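One structure below.
Order of listing sets the numbers, starting from 1, for every ligand and every atom in it. Side chains included, hydrogens not; waters and symmetry mates left out as well; all remaining heavy atoms used. Quick caveat, the model's predicted, so the values are computed rather than measured.
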Amino acid sequence: MTIRVGVLGARGRMGAEVCRAVEAAPDMEVVAKVDAGDELSDLTEVGAEVVVDFTHPDAVMDNLRFCVEHGIRAVVGTSGFGDDKVATLRGWLADKPGLGVLIAPNFALGAVLSMKFAQIAARYYDTVEIIELHHNRKADAPSGTAAHTARLVSEARAAAGLGPVPDATTSEVDGARGASVDDVRVHSVRLSGLVAHQEVLFGGSGETLTLRHDSLDRTSFMPGVLHGVRAVLDLSGLVVGLENVLEL
Ligand SMILES: NC(=O)C1=CN([C@@H]2O[C@H](COP(=O)(O)OP(=O)(O)OC[C@H]3O[C@@H](n4cnc5c(N)ncnc54)[C@H](OP(=O)(O)O)[C@@H]3O)[C@@H](O)[C@H]2O)C=CC1
Ligand SMILES: O=C(O)C1=N[C@H](C(=O)O)C[C@H](O)C1
């Protein structure tokens, strides 16, 4: 039996790549390609078991509400999942026991590892900043990956009893020091030619540590997406982060 997959955002940069990857996988098939303006009811008509959503932060919650209402599992790469959206989704899923949704800020293995390494390193350095670099057609800033990394680093610092990152800046041009995300400075670069890149910079006494990950092509996300499609069949409730369905 193949897994029946519906792709949301199928004509987009990621969605088109997901369609190719699912079609090439021996254990799954694309049964619906849905993009802006298409009817979600197509998903139920063709019996989609799992939906993969790479759409837009403003569209994803309507898509997920439909999936949860209709008992369709979801693998979500769309960015912009703050605490509010996560809480709403958990609420919907509470009424659907046994139904699983997987959200991953980043499906590239190296990005997942890099976040894990950042989490480990955070307690050992007094200063930290994040630089994320993406193509200039990206809708949101900072990236979901950078926001997730900042959260992990911030939690690790708090658990280690570290205070705020020391910073002697007393005057600055607006924006010059980036955005403060969970008390970590995040700088967003947008350049044509780039795909998705991130540096987490740690500074300590007489040394720095830089963790850098580069997605040079969107195929980098596909093994993680396919793994997510298989894993979500056994999930119940909401899982955030690919690391939670990998053996790391
Ligand atoms: N987690 C991860 O590993 C990754 C996450 N992403 C995230 O995925 C999302 C998509 O990125 P990307 O593919 O580059 O963006 P694109 O703009 O290339 O693709 C998004 C597609 O979704 C369509 N769309 C918009 N609204 C809806 C809707 N309601 N239903 C169905 N389709 C819709 C868009 O149509 P139209 O253009 O007509 O609006 C477009 O075709 C972003 O949030 C990005 O940050 C990206 C890469 C990796
Ligand atoms: O829009 C993108 O391209 C990406 N979006 C995700 C994010 O916001 O972190 C994942 C990856 O960085 C590519």
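With contacts defined as side-chain heavy-atom distances shorter than 4.5 Å, the pair L162/Y125 does not qualify. By the 4.5 Å heavy-atom criterion applied to side chains, V184 and T149 are not counted as neighbours. Looking at R157 and V128, their side chains come closer than 4.5 Å, going by heavy atoms from C-beta outward. Here the side chains of F221 and E17 are not in contact, with every heavy-atom distance at 4.5 Å or above. Counting only heavy atoms from C-beta outward, the side chains of L109 and P223 never approach each other to under 4.5 Å.
For the 3.5 Å distance criterion, the side chains of T145 and N106 qualify, holding a donor opposite an acceptor. Side chains of S154 and D183: a donor-acceptor N/O pair is absent below 3.5 angstrom, by distance only.
Listed by number with element, the atoms of ligand 1 under 4.0 angstrom from any heavy atom of T78 are 8 (O), 43 (O). Atoms of ligand 1 found under 4.0 Å from any heavy atom of N106, numbered from 1 in the order shown, are 1 (N), 2 (C), 3 (O). The ligand atoms of ligand 1 that sit less than 4.0 angstrom from a heavy atom of A59 are 26 (N), 27 (C), 28 (C), 29 (N). Annotation for ligand 1: atoms under 4.0 Å from non-hydrogen atoms of S79 are 42 (C), 43 (O), 44 (C), 45 (O).
The nearest protein atom to atom 3 (O) of ligand 1, hydrogens excluded, is given as F107 N, 2.8 Å; this is a heavy-atom distance. Looking only at heavy atoms of the protein, atom 19 (O) of ligand 1 is closest to G12 CA, 3.3 Å. Closest protein heavy atom to atom 17 (O) of ligand 1: R13 NH2, 3.6 Å. Closest to atom 8 (O) of ligand 1 among all protein heavy atoms lies F54 CD2, 3.4 Å. Atom 20 (C) of ligand 1 has as its closest protein heavy atom T55 O, 3.4 Å. In this structure, the protein non-hydrogen atom closest to atom 39 (O) of ligand 1 is A36 CB, 4.2 Å. For atom 30 (N) of ligand 1, the closest heavy atom belonging to the protein is N63 ND2, 3.9 Å. Looking only at heavy atoms of the protein, atom 47 (C) of ligand 1 is closest to M14 CG, 3.4 Å.
Residues passing the side chain to side chain donor-acceptor pair (under 3.5 Å) test with H134, sequence neighbours excluded: E132. Among residues two or more places apart in sequence or in another chain, the ring-ring contact (aromatic ring centres under 6.0 Å, His included) test is passed with H56 by none. With sequence neighbours excluded, no residue forms a side chain to side chain contact (heavy atoms under 4.5 Å, CB included) with P26.
Transitive grouping of hydrophobic side chains (ILVMFWY, heavy atoms separated by less than 4.5 Å) keeps V225 and V51 in distinct clusters. Note on M61 and F66: separate hydrophobic clusters, where clusters join Ile, Leu, Val, Met, Phe, Trp and Tyr whose side-chain heavy atoms are under 4.5 Å apart, directly or indirectly.
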Going through the checks in order, is the salt bridge (Lys or Arg N to Asp or Glu O under 4.0 Å) test met by D35 and K33?
CA-CA 7 Å; D35 211 274; K33 296 181 182 182; over 6 Å; no
Give the C-alpha distance, both sets of side-chain angles, the deciding distance and a yes or no for side-chain contact (heavy atoms from CB on, under 4.5 Å) between W92 and V101.
CA-CA 11 Å; W92 295 341; V101 172; over 6 Å; no
Checking E69 against L40 for the side-chain contact (heavy atoms from CB on, under 4.5 Å) test, could you report, in this order, the C-alpha distance in whole Å, the side-chain angles of both residues, the deciding distance, and whether it holds?
CA-CA 12 Å; E69 278 172 5; L40 290 171; over 6 Å; no
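At a 3.5 angstrom cut-off on N or O pairs, P105 counts as close to ligand 1. Considering both main-chain and side-chain atoms, L8 never comes within under 3.5 Å of ligand 1 through any nitrogen or oxygen pair. The distance criterion of under 3.5 Å between nitrogen or oxygen atoms is met by D35 with respect to ligand 1. Residue contacts with ligand 1: G77 is placed with a nitrogen or oxygen under 3.5 Å of a nitrogen or oxygen of the ligand (distance criterion only).
With a 4.0 Å cut-off on non-hydrogen atoms, S143 does not touch ligand 1 at all. Using a 4.0 Å cut-off between heavy atoms, A108 makes no contact with ligand 1 at all. With a 4.0 Å cut-off on non-hydrogen atoms, F221 touches ligand 1 through its side chain and not its backbone.
Contact analysis puts K138 in contact with ligand 1, with a non-hydrogen atom separation below 4.0 angstrom. G144 does not count as a contact of ligand 1, since none of its heavy atoms falls under 4.0 Å from the ligand.
Salt bridge absent: E23 and R20 never bring a charged side-chain N and a carboxylate O closer than 4.0 Å. Between R151 and D83 there is a salt bridge, since a side-chain N of the basic residue sits under 4.0 Å from a carboxylate O of the acidic one.
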Between ligand 2 and the protein, find all N/O pairs closer than 3.5 Å and give the distance for each.
{"from": "ligand 2", "atom 1": "1 (O)", "to": "K138", "atom 2": "NZ", "distance (Å)": "2.9"}
{"from": "ligand 2", "atom 1": "3 (O)", "to": "H135", "atom 2": "NE2", "distance (Å)": "3.0"}
{"from": "ligand 2", "atom 1": "5 (N)", "to": "K138", "atom 2": "NZ", "distance (Å)": "3.1"}
{"from": "ligand 2", "atom 1": "8 (O)", "to": "K138", "atom 2": "NZ", "distance (Å)": "2.7"}
{"from": "ligand 2", "atom 1": "8 (O)", "to": "G144", "atom 2": "N", "distance (Å)": "2.8"}
{"from": "ligand 2", "atom 1": "9 (O)", "to": "G144", "atom 2": "N", "distance (Å)": "3.2"}
{"from": "ligand 2", "atom 1": "9 (O)", "to": "T145", "atom 2": "N", "distance (Å)": "2.8"}
{"from": "ligand 2", "atom 1": "9 (O)", "to": "T145", "atom 2": "OG1", "distance (Å)": "2.5"}
{"from": "ligand 2", "atom 1": "12 (O)", "to": "H134", "atom 2": "NE2", "distance (Å)": "2.6"}

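Proximity of atom 37 (O) of ligand 1 to the protein is not indicated, since no non-hydrogen protein atom lies closer than 4.0 angstrom.
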